[in-house]
Amino acid sequence: MDEMFKPSRRSFLRGSAAVAVGSAAGAAAAEGPDPLIADLQDWASYTGVGVDETPYGMPISFESHVVRRNVEWLTASPISSINFTPIHALDGTITPQGCAFERHHSGAIELSKQDYRLMINGLVDKPLVFTYDDIERLPRENHVYFCECAANTGMEWAGAQLNGAQFTHGMIHNMEYTGVPLRTLLSEAGADTSSDKWVYVEGADASSNGRSIPMEKALDDVLVAFKANGEALRMEHGYPVRLVVPGWEGNMWVKWLRRIEVTDMAVESREETSKYTDVYENGMARKWTWVMDAKSVITSPSPQMPIKHGPGQMVISGLAWSGHGQITRVDVSKDGGITWETARLGKQGDTKALTRFYLDTQWDGKPMLLQARAIDDTGYVQPTKGQLRERRGENSVYHNNCIQTWYVDAEGNAENVEVS
Ligand SMILES: Nc1nc2c(c(=O)[nH]1)N[C@H]1C(S)=C(S)[C@@H](COP(=O)(O)O)O[C@H]1N2
Ligand SMILES: [Mo]
């Protein structure tokens, strides 16, 4: 019998469920679609799933590989750790919350809206404590922004390390946030918003992950957000309230936000001194490296997304972003940066959000050294790894925004390699 027309386990169960009413379940074993009706496809031979079975939908089983993954050896424990967005398998620009990377310093906490409180204190006329409901009464806005951990691509400084765009570039997500501008909360509390002031923000988790933000940024586009992609934030992204700091390193996007203190100087917390700074060759360190510079990566083909067809028409696709503003152009090279073609942007780049690019092209079936390079509206061009190393030396972990190379062989398989 043709393998294709065997009743699947699923249809078999359905068939038995249909006749099981009033009879012993076992007796129905022979029921099910007739395997000899060769032109009746499996999925047309039984009724589908009822609307009462999936009150909250999950991806179909065929897509179960499109999940966050972690790299065990990267951190001592999965509590203070990171996992990665499967960017190789996504398209468009919006990251579903269910597969958006997570970074916690002391695990994700379960904090209810009832228990939630947000305090504003320090240099304010009236210190305030907001409940979750109080925040929802203030005028809110919607904006799409990327959140990139400063450590994204950090393992690649020394050489090509991790074999997949998910692992080299997956500490990033891009969501539509709903929230109240931080400036609204500051003005409710009568904060001193003169330009030399700072706000210190911290979370309700054990790590607290405190960070200092200069007042100019706090008044600009920072959001106190409670929804992402239309629904409540997931626990792992800071339910019920997180800070959104557009274009700036992910560490400042404090989750489970519990306190905003207006101060006259930066706190110089752990997260902004011993961490999230970069040591130069001479021992001096860069700090206050808040903005995520322009960057891009080809998501397909890539090591987890080999080319599955022969020579001819193909799509090369990827993501580009800049913490300074909009992506205006993305170039793609098939020969390791010797020649470049300009890619098509899926749509005009949003400010401080992911931009999807496509190169609709022909593959001659020969090996390629694939690269993408992003250009933003300040005119900044994404640097090569060599250029970045010249400026920064090799002690850095954070803020590696260099051009990535995938070697694609004649079979279409891709590998992470370095072209200096
Ligand atoms: N309260 C709190 N906020 C936090 C962290 C944390 O551990 N605790 N991790 C930070 C880091 S380093 C990053 S990169 C982002 C990651 O956000 P995500 O987990 O939603 O991807 O959250 C930031 N905010
Ligand atoms: Mo981070």
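Because the structure is a prediction, the values reported are computed rather than measured. Atoms within each ligand, like the ligands themselves, are counted from 1 in listed order.
- Look at Met252 and you'll find every heavy atom at least 4.0 Å from all atoms of ligand 1.
- Under 3.5 Å, the side chains of Trp321 and Glu148 contain a donor-acceptor pair of N or O atoms.
- Thr153 places a side-chain N or O within donor-acceptor distance of the main-chain N or O of Thr168, the cut-off being under 3.5 Å.
- Residue contacts with ligand 1: Cys149 is placed with no nitrogen or oxygen under 3.5 Å of a nitrogen or oxygen of the ligand (distance criterion only).
- Between Trp288 and Trp198, the angle of the ring planes lies from 30° to 60°, which puts this pair in the tilted group.
- Between Lys334 and the options Thr339, Asp364, Thr361, a side-chain hydrogen bond (donor to acceptor under 3.5 Å, both in side chains) holds for only Thr361.
- The shortest N or O to N or O distance between His237 and ligand 1 is under 3.5 Å.
- Ligand 1 has no nitrogen or oxygen under 3.5 angstrom from a nitrogen or oxygen of Ser106.
- The distance criterion of under 3.5 Å between nitrogen or oxygen atoms is met by Trp253 with respect to ligand 1.
- For the pair Arg373 and Trp340, the cation-pi criterion (under 6.0 Å, within 45° of the ring axis) is fulfilled.
- Residue contacts with ligand 1: His173 is placed with a nitrogen or oxygen under 3.5 Å of a nitrogen or oxygen of the ligand (distance criterion only).
- Between Lys352 and Asp221 there is a salt bridge, since at least one side-chain N of the basic residue sits less than 4.0 Å from a carboxylate O of the acidic one.
- Checked by distance only, ligand 1 and Trp256 stay at 3.5 Å or farther apart across all their nitrogen or oxygen atoms.
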